[in-house]
Participant: 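Let me give you the structure first, and then I'll get to my questions.
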Amino acid sequence: MGIGELDREAHVPEATGAGAAPRTLAEALRARGDEGLSALLRARPDLLSPVPNDLTQLATRAGTRGSVVRALERLDRFALQTAEALAVAPDPAPYPVLLALLTGDEGDPEIEAALPGAVELLREQALVWGEDDRLRLVRTARELLAPSAQHPSPTGLGPTVAEATAGMSPGRVQEIIATAGLTATHDPVSAVAVLTGLFTDRERMGGLLDEASPEALSVLDRLVWGPPYGEVTANPAPPVRWLRDRGLLLPVSARTMVLPREVALHLRGGRAHRSPEPVAPELAVARDYRPQVVDSAAAGQAYATLATVEELLKSWDQGGPQVLRAGGMSVRDLKRTAAALDVTEQLAAFWLELCFGAGLLASDGEADERYAPTPAYDDWLDLPAAERWARLVAPWLMATRTSGLVGGADAKGRTLAALGPDLDRASAPEVRHRVLELLATLPPGAAADPETLFARLRWERPLRGAAQAGPPRPPQPTAGADETAGPEVPGDLRSRLARWTLAEAELLGLTGRGALAGPARALLNLPLAEAATPADHGGRVELSVAAGRAATLLAPLLPEAVDHVLLQADLTAVAPGPLRRPLADALAVLADVESKGGATVYRFTPGSVRRALDSGRSASDLHDFLGAHSRTPVPQPLAYLIDDVARKHGHLRIGAASAYVRCDDDTVLGEILADRRSAALGLRRLAPTVLAAQTDPASLLEGLRSMGYAPAAESAEGDVLITRADAYRTPARTAPVPVPDGPPAPDTTLLGAAVKAIRAGDRAATAVRKEPAPAVEAAGGLPRTSAAETLATVQAAAMTGSAVWIGYVNADGAASQRVIAPVRVEGGFVTGYDHTADEVRTYPLHRITGVAELADEQI
């Protein structure tokens, strides 16, 4: 938008009489109270960055393209339809004209009841200004929503007769009105007015269409709801020629015709939209459950979430997969992770992003960069189960990273990797909150029908999904006049985010069987009463406080941790519930998980027992541990397995020569040398009890274990090295910061200060000043006076307590004009109350370009 276009809506006009209708947007904003300005700044926080100097600057900023687009994206469907109707209405449009465009000839009580609220919403957000008899859509919004050949209108309407005939020869216009049975005129302007009058006269227009053939009416039917453009051949069919000759179709090029807006509105019965939606779609209930059933199901899912996260990060205790050069995990590593968790790749990506968003997983930052648990993971393990759950779901609720995009392609066609860049979607937190809040409007235990939920979200923000998924393509003209092409429907990101939210909320235990659980209500700071709605929260609280409330509600629903297992003769142990932390960690080292569920089954193997011995435990320690934590006697096969592995464990010693094998029994070393499987290790005897190897200690250790031996690694001092499960962690890492979706919403304090500053600046900018003397002419908009005149004027103002207008140049050379009330002039400085900044300030006299008295001190 150019400066000339903004001038009409944002310039400071001459003072108008009391009660006069506003002539500009700035005047309309000036007539508002402080509450009205606060409502505008709250709805459009981008207008506060930075705080405008005055109301004229606020009006100018409110009319910029970026700000208007952002405001339109946050309108609900009916408010947007109202703005779209104003874009095709005359400018300005009386309220009855707007109502007729939305209700049509037959009227609609729902629209009549909803329209005042929609107009007030548009007026509050400074998208519409003026009284009801002269409603004006902001120029930028009109440019965005009005129909044109390059930018089709959502209404499906085309240009007016005047717009469509703008480039037509006067003779051709006269031919059209003559064929339509109208009296010829002497100039093209009156000819267009006569033709427009015909198309807007219902009775005469009905008579003209009665003469049309069924084929001609069929052509109009195909164009009436849009798009209004269609291609014709060089020699069009008779029905098309009949419509063209009477102006019912007007040419926009040699091969393209358009249906004028006035004709389309007549055929539509005066309605701008085919299906106005004044009321939000209702949320349907798919099924009802008892609230206790919902909470129990959600708690089961919450417990499964904790188990899955622990299993995932425990498997990466010694370091996870490598980080790709472009960031993220490779497809192969994602498949391995999914196989280890026994889930799909998409679900594995969700668990990875959940851990990443909670700060439990990160890259180590080394040269050969790998993923691994962070130190925060160890702190997380020490928390009670309910608090661990809250530490996962609270970051998920606010995260902008979207795991559902993994596997898709970015704008350049590159595959989006798990834990990689380009997964942030700024609208994800808002959609997650809104989905859960809508579920909360249903009675406790009621599961929503997903399709009605998605329809409600599309009604609330019709432009958000399409705008983020990609710009819609304009409709293409058809190959013939009897066919029309509709626009390509873009992917609705908002609906996809909602689908992912429903699935992820069920996985996390925020919902149970599709219904919102009690802990989720607490997390959202929603009331727990049955008849509550999310509109009455009693004030928002910090997310951490809400997460603590949710954890308190969840804790009694989770299964109680047990401190014992049941040992069985088949070398298995059954945990009848979740194990307490020390027991769970120790048993995870001593045995392998065989099956999970309500009761976890562990299996003891030679490898798992050797793993426990490697961690520094002795055979007697393992016997004592099992005896202390088993409700059944230790089976004899398990005792024999521990003793047998312990007897062999450490019998061989491996160190660095590059590697060596040391054993007190030289016959064992002889067996190893004689075994053909040891050839790849490059062994040779250095002494009766020592073998040297041509491979590294880790490979030697693995090779001998694969041959059936149980060697132990030793240090340079000859001590056995102890291997612990939590040996590797990344440096301290912070969780990823969500990407903001525009400027943050201002709080009450900021709004009050901003409104006060804008009012003060506006009073200073609109204060009426005395006409300067010829020697005090303003240059560049600033007053110019000599140093003596400046000093004398400000001294006089300080004595009389009056305000003056000064020009001021700061240390950076930036010039500005201010209205101040001097209170003290001394030492080359003037101190006074600055009405522009609404505070007391001190200015050096040598930086004041000039001073002029005000005609009226009512500033």
Side-chain angles (χ1 to χ4, degrees), residues 84 87-89 142-180 182 188-189 191-196 198-200 205 208-209 211-268 271-274 471-490:
E84 291 165 354
V88 298
R142 177 174 290 274
E143 292 173 354
L144 290 169
L145 300 177
S148 68
Q150 294 75 29
H151 180 78
S153 168
T155 61
L157 293 169
T160 62
V161 173
E163 294 168 346
T165 58
M168 191 177 296
S169 67
R172 177 59 185 144
V173 176
Q174 295 294 338
E175 291 177 5
I176 290 175
I177 65 173
T179 306
L182 301 173
V189 175
V192 170
V194 168
L195 189 60
T196 302
L198 169 63
F199 292 161
T200 54
M205 187 64 176
L208 178 61
L209 292 177
E211 302 174 6
S213 65
E215 292 79 7
L217 294 177
S218 177
V219 171
L220 295 178
D221 288 341
R222 287 177 172 85
L223 299 173
V224 64
W225 290 108
Y229 296 91
E231 280 195 359
V232 296
T233 61
N235 185 23
V240 176
R241 286 202 305 270
W242 190 92
L243 295 171
R244 183 192 61 187
D245 293 343
R246 287 156 180 79
L248 297 173
L249 290 180
L250 293 174
V252 293
S253 69
R255 300 290 300 274
T256 307
M257 307 291 290
V258 67
L259 181 69
R261 185 182 307 172
E262 293 85 353
V263 177
L265 286 174
H266 174 84
L267 296 172
R268 296 179 179 193
R271 180 167 287 183
H273 295 88
R274 173 178 283 186
R473 298 182 181 179
Q476 302 298 320
T478 59
D482 56 345
E483 295 180 3
T484 58
E488 178 182 332
V489 179

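No hydrogens, no waters, no symmetry mates; every other heavy atom, side chains included, goes into these values.
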Participant: Do R268 side-chain atoms and A272 backbone N/O form a donor-acceptor pair below 3.5 Å?
Facilitator: yes
Participant: Can you list the steps and then say if L267 with W225 is a side chain to side chain contact (heavy atoms under 4.5 Å, CB included)?
Facilitator: CA-CA 9 Å; L267 296 172; W225 290 108; over 6 Å; no
Participant: Can you find a heavy atom in the side chain of E211 that is under 4.5 Å from one in the side chain of W242?
Facilitator: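 Answer yes - side chains close enough.
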Participant: How long is the gap from CG on L209 to CZ on R246, to the nearest 0.5 Å?
Facilitator: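 That separation rounds to 11.0 Å.
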Participant: Work out which heavy atom in L145 is nearest to a heavy atom in A87; give both atom names and the distance.
Facilitator: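 That would be CB-CB, 3.7 Å.
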Participant: Which value, rounded to the nearest 0.5 Å, describes the distance between L198 atom CG and I177 atom CD1?
Facilitator: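 With rounding to 0.5 Å, CG (L198) is 10.5 Å from CD1 (I177).
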Participant: Quick one: CG on L220 to CG on L249, what's the gap to the nearest 0.5 Å?
Facilitator: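 So the CG of L220 and the CG of L249 are separated by 6.0 Å.
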Participant: Which atom pair, heavy atoms only, marks the closest approach of P251 to M168?
Facilitator: CD-CE, 3.8 Å
Participant: For the residue pair P159 and A164, what are the closest heavy atoms and their distance?
Facilitator: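 The pair with the smallest heavy-atom distance is CG-CB, 4.2 Å.
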Participant: Looking at T165 and V161, would you say the former's side chain and the latter's main chain have a donor-acceptor pair under 3.5 Å?
Facilitator: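 A pair under 3.5 Å: yes.
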Participant: Atom NE2 of H273 and atom CD of E84: how far apart are they, to the nearest 0.5 Å?
Facilitator: 4.0 Å
Participant: Evaluate the criterion side chain to side chain contact (heavy atoms under 4.5 Å, CB included) for residue pair L243 and L259; output intermediate values, then yes/no.
Facilitator: CA-CA 10 Å; L243 295 171; L259 181 69; over 6 Å; no
Participant: For the pair S218 (side chain) and P214 (backbone), establish whether a donor and an acceptor sit closer than 3.5 Å, ignoring hydrogens and angles.
Facilitator: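 Not at all, since once roles are kept as given, no pair shorter than 3.5 Å links the two residues.
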Participant: Dump the intermediate steps for side chain to side chain contact (heavy atoms under 4.5 Å, CB included) on V88 and L265, then the final yes or no.
Facilitator: CA-CA 11 Å; V88 298; L265 286 174; over 6 Å; no
Participant: For the atom pair CG (L250) and CE (M257), what is the distance rounded to the nearest 0.5 Å?
Facilitator: 6.5 Å
Participant: For P236, is there any backbone N or O sitting under 3.5 Å from a side-chain donor or acceptor partner on R241?
Facilitator: yes
Participant: On a heavy-atom basis, which atom in P239 and which in E215 lie closest, and how many Å separate them?
Facilitator: CG-CB, 3.5 Å
Participant: What verdict does the side chain to side chain contact (heavy atoms under 4.5 Å, CB included) test give for M205 and E262, after you've listed the backbone C-alpha separation in whole Å, the side-chain angles of each residue and the deciding distance to 0.1 Å?
Facilitator: CA-CA 10 Å; M205 187 64 176; E262 293 85 353; over 6 Å; no
Participant: For R261 and P147, work out which heavy atoms get closest and say how close.
Facilitator: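 Where R261 meets P147 most closely, the heavy atoms are NH2-CG, 3.3 Å.
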